[in-house]
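Shown next, in structure tokens, is the structure this report addresses.
Computed from a predicted structure; not experimentally measured. Keep in mind that the numbers below use all heavy atoms, side chains included, and drop hydrogens, waters and symmetry copies.
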Amino acid sequence: MMNGKPFLGRLLYHAGATADRREQGYNLVQCSGSDPDPLPSIQQHLDACQQAGMYGTVALFNNQYLNKGPEFDLAHLETVVNAVKNHPALWGWDLIDEPEPSMTPEAVQAAADLVRKLDPSHLDWVNLCQNTRATDYLASQDLWSFDYYPFPTLPPFSYKTAWINLSDEKLLGKKPLGTVLQTFTYNRHEQQMTTPDQLRTSAWLHLIHGYKWFGYYSYYDGEPAGCLGRAPVLWSYTRALNTELVQLQAVILAPGQWQPVEMEPATDKLEAREKQVGDKWYVVVVSDSKEP
């Protein structure tokens, strides 16, 4: 929910808020700050969001001012949260990204508890990367999300075994669910970028399993990384996908869950689900096969 209304999140990493980004279908950007004082750049990012008609999620994890090794500097965290918690463009707190290798659930929860005490009006977002620890940080997550490597080396339906089956079993209907659509490779000269078909398949596979928040990672990274800024076809396609999601968001955000549709023969490259909204039924068929 955002301001009392259902919200379909579409975040673009590593890009500032502009009218062009909004027109491309994005409604969120990540607002980061650097050492020695992250506040000026965070404030600048949020002001740009307000001017562009977008929202910002403030990153609290990517500088030494806020992080002291394996834990947060809680005094500095309090300073940052108090400084911008009333900004009209603030969507939520990007508390930490991929904490599993570097920070314990207890350390993250201590920070989450403080942020919630200081600002009960905005959510805490913790993004994960290890499915074996997918529920370790639940106490800190108002938004549960994950990113998955090495997609696109593995096909989109590989998400199901690693993450989606788990979220179906333990999280659906209990937590807002999000995923990071991997529009990135470590080396664009050695590994292909995600294709438009893979991106769309991944998005809709998550949608029919209750996911309502998406991050596109990333718009820019230094060479030799592959990213949206160096993939004009894929970058253009994100606008088409965002347009599709916006056009259907009344169905996506309507109460109720998508129910499985049985198919014969069953296959691990195809899934269909249906949802009733009002007096209409909507059916989504997601395919990872080139065959009709």
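A side-chain donor-acceptor contact under 3.5 Å links Lys85 to the backbone of Leu118. Under a 3.5 Å cut-off, the side chain of Ser202 and the backbone N or O of Gln198 do not form any donor-acceptor pair. When atom types are taken as modelled, the side chain of Glu71 and the backbone of Ala107 share no donor-acceptor pair closer than 3.5 angstrom. The backbone N or O of Pro232 lies less than 3.5 Å from no partner atom in the side chain of Ser236, so there is not a single donor-acceptor pair. Under a 3.5 Å cut-off, the side chain of Arg22 and the backbone N or O of Ala17 do not form any donor-acceptor pair. In this structure a side-chain-to-backbone donor-acceptor pair under 3.5 Å is present from Arg10 to Leu8. Checked by atom type and distance alone, the side chain of Asn131 pairs as donor or acceptor with a backbone atom of Ala162 at under 3.5 Å. The closest donor-acceptor contact from the side chain of Thr161 to the backbone of Ser158 lies at 3.5 Å or more, if one exists at all. The backbone N or O of Gln182 sits less than 3.5 Å from a side-chain atom of Thr194, completing a donor-acceptor pair. Looking only at distances, no side-chain donor or acceptor of Lys269 sits under 3.5 Å from a matching main-chain atom of Val286.
At a threshold of 4.5 Å between non-hydrogen side-chain atoms, the residues Val126 and Pro99 count as touching. Inter-residue side-chain proximity for Pro176 and Lys212 is flagged as unmet; no heavy-atom pair is nearer than 4.5 Å. Contact annotation: the side chain of Leu128 never approaches that of Glu98 to less than 4.5 Å [non-hydrogen atoms, C-beta and beyond]. Under the 4.5 Å side-chain criterion, counting only non-hydrogen atoms from C-beta, Val284 is in contact with Trp258. Side-chain atoms of Arg200 and Glu244, non-hydrogen and from C-beta on, do get closer than 4.5 Å to each other. With a 4.5 Å cut-off on side-chain heavy atoms, Thr179 and Trp144 do not count as touching. You'll find the side chain of Tyr13 reaches within 4.5 Å of the side chain of Val180, heavy atoms only. Two residues are said to be in side-chain contact when any heavy atoms from C-beta on lie closer than 4.5 Å; Leu66 and Asp73 fail this criterion.
For the residue pair Met103 and Pro70, the shortest heavy atom distance occurs at CG-O, 3.3 Å. Closest non-hydrogen pair, Ala89 versus Cys49, comes out as CB-CB, 3.8 Å. Of all the heavy atoms in Leu234 and Pro196, the pair that sits closest is CD1-N, 3.9 Å. The minimum heavy-atom distance between Leu95 and Ala111, with the atom names listed, is CD1-CB, 4.1 Å. Tyr237 and Leu199 make their closest contact through CD2-CD2, 4.1 Å (heavy atoms, listed as atom of the first residue, atom of the second, distance). For Ala272 against Val285, the heavy-atom pair with the smallest separation is CB-CG2, 4.0 Å.
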Next item on the list: Step by step, work out the side-chain contact (heavy atoms from CB on, under 4.5 Å) result for Met263 and Leu270.
Entry: CA-CA 9 Å; Met263 292 179 295; Leu270 189 71; 3.6 Å; yes
Note to self: Using the rule given for side-chain hydrogen bond (donor to acceptor under 3.5 Å, both in side chains), can you reason through His209 versus Gln257, listing the C-alpha separation, both sets of side-chain angles and the distance that settles it, and then say yes or no?
What the structure shows: CA-CA 8 Å; His209 284 268; Gln257 298 176 6; over 6 Å; no
Item checked: Steps toward side-chain contact (heavy atoms from CB on, under 4.5 Å) verdict (Leu28, Phe7) -> CA-CA 11 Å; Leu28 287 168; Phe7 184 82; 3.9 Å; yes
Item checked: Chi angles and distances behind the side-chain contact (heavy atoms from CB on, under 4.5 Å) call for Leu60, Asn67 -> CA-CA 8 Å; Leu60 298 174; Asn67 296 152; over 6 Å; no
Margin query: Test ring-ring contact (aromatic ring centres under 6.0 Å, His included) on Tyr186 and Phe184; report intermediate values, then the result.
Written below: CA-CA 7 Å; Tyr186 294 107; Phe184 169 85; 5.4 Å; yes
Check: Run the side-chain contact (heavy atoms from CB on, under 4.5 Å) check on Arg230 and Trp235 step by step: do they pass?
Finding: CA-CA 8 Å; Arg230 299 191 185 95; Trp235 171 234; over 6 Å; no
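Looking only at atom types and distance, the side chain of Trp125 has a donor-acceptor partner in the side chain of Ser145 under 3.5 Å away. Residues Gln43 and Asp47 have side chains that bring a donor and an acceptor to within less than 3.5 angstrom of each other. Residues Asp147 and Asn127 bring a donor and an acceptor atom of their side chains to less than 3.5 Å of each other. There is no side-chain donor-acceptor pair under 3.5 Å between Tyr219 and Thr183. At a cut-off of 3.5 Å, with distance as the only test, a side-chain donor of Asp94 or Gln30 sits close to an acceptor on the other residue.
Annotation for Gln51: atom CD does not count as buried by contact number, only 12 or fewer foreign heavy atoms lying within 6.0 Å. No more than 12 heavy atoms of other residues, nucleotides or ligands shown are found within 6.0 angstrom of CD on Gln44.
Summarising the geometry, atom NZ belonging to Lys160 is positioned 10.5 Å from atom OG belonging to Ser167; distances are rounded to the nearest 0.5 Å. Interatomic distance, Gln259 CD to Arg273 CZ, rounded to the nearest 0.5 Å: 7.0 Å. To the nearest 0.5 Å, the span separating OG1 on Thr238 from CD on Gln24 amounts to 6.5 Å. Here the NZ atom belonging to Lys68 is positioned 6.0 Å from the NE2 atom belonging to His76, to the nearest 0.5 angstrom. To the nearest 0.5 Å, atom NE2 of residue His122 and atom CE of residue Met2 are 6.0 Å apart. For the atom pair CE of Met54 and OG1 of Thr18, the computed distance is 7.0 Å after rounding to the nearest 0.5 Å.
For the side chain to side chain contact (heavy atoms under 4.5 Å, CB included) with Asp119, the qualifying choice from Asn86, Asn82, Leu90 is Leu90, the only one to do so. The only member of Trp213, Phe146, Trp163, Phe157 that meets ring pair (Phe, Tyr, Trp, His ring centres under 6.0 Å) when paired with His206 is Phe146. For the side chain to side chain contact (heavy atoms under 4.5 Å, CB included) with Leu12, the qualifying choice from Tyr217, Tyr220, Tyr216 is Tyr216, the only one to do so.
We find that Glu23 and Arg21 are not joined by a salt bridge, their nearest charged nitrogen and carboxylate oxygen being 4.0 Å or further apart. We find that Arg116 and Asp142 are joined by a salt bridge, their nearest charged nitrogen and carboxylate oxygen being less than 4.0 Å apart.
Under a hydrophobic clustering in which Ile, Leu, Val, Met, Phe, Trp and Tyr are joined whenever their side-chain heavy atoms come within less than 4.5 Å, directly or via other members, Val277 and Leu172 fall into the same cluster. Under a hydrophobic-cluster definition in which Ile, Leu, Val, Met, Phe, Trp and Tyr are linked whenever side-chain heavy atoms come within less than 4.5 Å, directly or via other members, Leu253 and Phe214 are assigned to the same cluster.
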Contacts table for residues 31-40: side-chain donor-acceptor under 3.5 angstrom, sequence neighbours left out:
from  : atom 1 : to    : atom 2 : distance (Å)
Ser32 : OG     : Asn62 : ND2    : 3.2
Asp35 : OD1    : Gln64 : N      : 3.2
Asp35 : OD1    : Tyr65 : N      : 2.9
Asp35 : OD2    : Gln64 : N      : 3.0
Asp37 : OD1    : Leu39 : N      : 3.1

